[in-house]
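Chain letters run A, B, ... following the sequence lines, proteins first and then strands; every chain starts at 1.
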Number of protein chains: 2
Amino acid sequence: MQDTPNRPYHHGDLRRAIIETALEMLRAEANWQFTLREVARRAGVSHAAPYKHFPDKAALLAELAMIGFDRLREALMKAKPEASRSLLEEITPIARAYVAFGTDNPALYRLMFSAEEGRAVGMHLNERALAVFEVVLEMLGSGQAAGNIRKRPIRGQAAAVWSLIHGMTMLAIDGLLVPEKVGSAPLDAALSTLVEGLEIPQPNT
Amino acid sequence: MQDTPNRPYHHGDLRRAIIETALEMLRAEANWQFTLREVARRAGVSHAAPYKHFPDKAALLAELAMIGFDRLREALMKAKPEASRSLLEEITPIARAYVAFGTDNPALYRLMFSAEEGRAVGMHLNERALAVFEVVLEMLGSGQAAGNIRKRPIRGQAAAVWSLIHGMTMLAIDGLLVPEKVGSAPLDAALSTLVEGLEIPQPNT
DNA sequence: ACCTGAACACCGTTCAAGT
DNA sequence: ACCTGAACACCGTTCAAGT
């Protein structure tokens with residue numbers, strides 16, 4: 001696919017090719033044992049070539065994880081509704097987009113949260129992950145300002161929202177939170193429980 | 001440790017020894033690349049010996065994961081308070097015990113939720129995992145019966161509780177939900193948000 | 001400056017042979 | 001019935017050598 005018929009000795013942009021090949025393979029198979037050699041093989045280069053562009057396997061994984069976080073953040077921002085009357089209307093599409101990102105890209109999502117090495121190396125992985133947290137934070141901030149949300153420490157509320165959605169995504173990927181096992185539409189049900197804890201109680205409760 | 005000085009040719013109870021050695025190693029190092037050969041080495045047997053007791057590496061991982069779920073369930077039941085006046089009083093010690101289990105045994109906890117193979121093999125891993133879900137379910141059931149909890153579909157509420165606590169545990173293990181980064185005492189803050197969504201609104205809100 | 005091929009130290013898994 | 005040792009096909013990583 002990315003190897004030209006008369007591929008020259010020098011690839012041209014092997015770095016990008018490696019990343020794209022890896023992302024493709026992550027998308028294709030959910031339970032794939034990530035292998036540097038296989039990535040190189042499919043990119044059409046020797047297994048030693050990647051080492052000219054990444055210090056080691058962990059560095060590539062960290063890079064992929066960062067891309068994953070960036071994409072997740074974009075997906076969340078795109079899902080953000082223009083205007084919304086209630087918190088549930090605001091939070092539901094974002095939460096849906098989040099879980100959908102995870103279940104559509106299970107291997108990548110897992111990778112994003114298991115790159116221990118990448119995190120230890122001191123790369124910008126943590127910051128990228130916390131950028132997702134910021135999206136949640138902003139949403140809650142505007143909700144509090146609009147008077148839709150209980151006045152509580154906002155970082156605590158954000159921790160609750162992120163934890164719940166991240167946990168649900170993980171359980172969904174693991175096949176543990178599917179309708180047959182846990183009741184129908186677990187996302188919506190869990191979400192409304194969460195929203196009831198965030199929003200200011202209405203008279204008709 | 002578990003290899004006697006004059007160990008005979010036949011180990012006696014190698015199956016148990018392998019499991020215990022593996023658990024020990026999981027406890028010792030948080031970011032350990034699980035290696036069948038290293039387990040065998042530390043158990044004092046050849047690297048082929050484990051294959052007489054487990055069909056393959058995935059089977060051993062699945063077994064360890066099941067043990068992990070059993071221990072988690074025990075820890076939760078032990079943490080369950082005798083009597084409790086409010087939902088927060090009931091749920092807080094359980095949630096604390098859950099997160100503590102994860103942060104105390106990060107490698108094992110990760111393993112429990114990443115044994116894709118073990119789940120596919122059709123072992124009883126899923127059932128063991130869902131037994132944890134049952135603990136949450138029971139707690140909410142008694143809470144609803146006592147009139148502490150909003151009358152909502154209970155499986156949805158349980159999905160919210162398990163997702164939030166699982167997500168928080170994972171984020172804590174990943175070092176993403178620590179006080180410095182996310183505000184102080186994220187567990188307590190998130191928990192009170194969740195509890196506000198579960199319990200029937202009090203007049204003094 | 002970028003890539004290859006051989007080499008090294010590891011894995012998981014199998015299988016004939018040992019006790 | 002249970003364990004070992006050699007063997008096979010794989011990895012990640014390094015390094016001299018090629019273009």
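- To the nearest 0.5 Å, the span separating CD on B:Glu29 from CG on B:Leu26 amounts to 9.5 Å.
- Put simply, NZ on A:Lys52 is 14 Å from P on D:dA17, counting in whole angstrom units.
- The pairing partner recorded for C:dG12 is D:dC8, the criterion being a Watson-Crick or G-U wobble arrangement whose two distances lie under 3.5 angstrom.
- Side-chain contact check for A:Leu187 versus A:Thr92: every heavy-atom pair is 4.5 Å or farther apart.
- The aromatic ring centroids of B:Phe113 and B:Phe69 lie less than 6.0 Å from each other.
- Of the charged side-chain nitrogens involved, none lies within less than 4.0 Å of a carboxylate oxygen, so that A:Glu24 and A:Arg42 do not count as a salt-bridged pair.
- Listed for the B:Glu20 side chain is no donor-acceptor partner under 3.5 Å among the backbone atoms of B:Arg15.
- Between A:His166 and A:Phe133, the gap from one ring centroid to the other reaches at least 6.0 Å.
- The nearest whole Å value for the distance from the CG atom in A:Asp13 to the C1' atom in C:dC3 is 15 Å.
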- Going 5' to 3' through nucleotides 6-14 of chain C, assign each nucleotide B (protein heavy atom under 4.0 Å from a base atom), S (under 4.0 Å only from sugar-phosphate atoms) or - (no protein heavy atom that close). BB---BBBB

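- D:dG18 is paired with C:dC2 under the criterion used here, namely a Watson-Crick or G-U wobble arrangement in which both key atom distances are under 3.5 Å.
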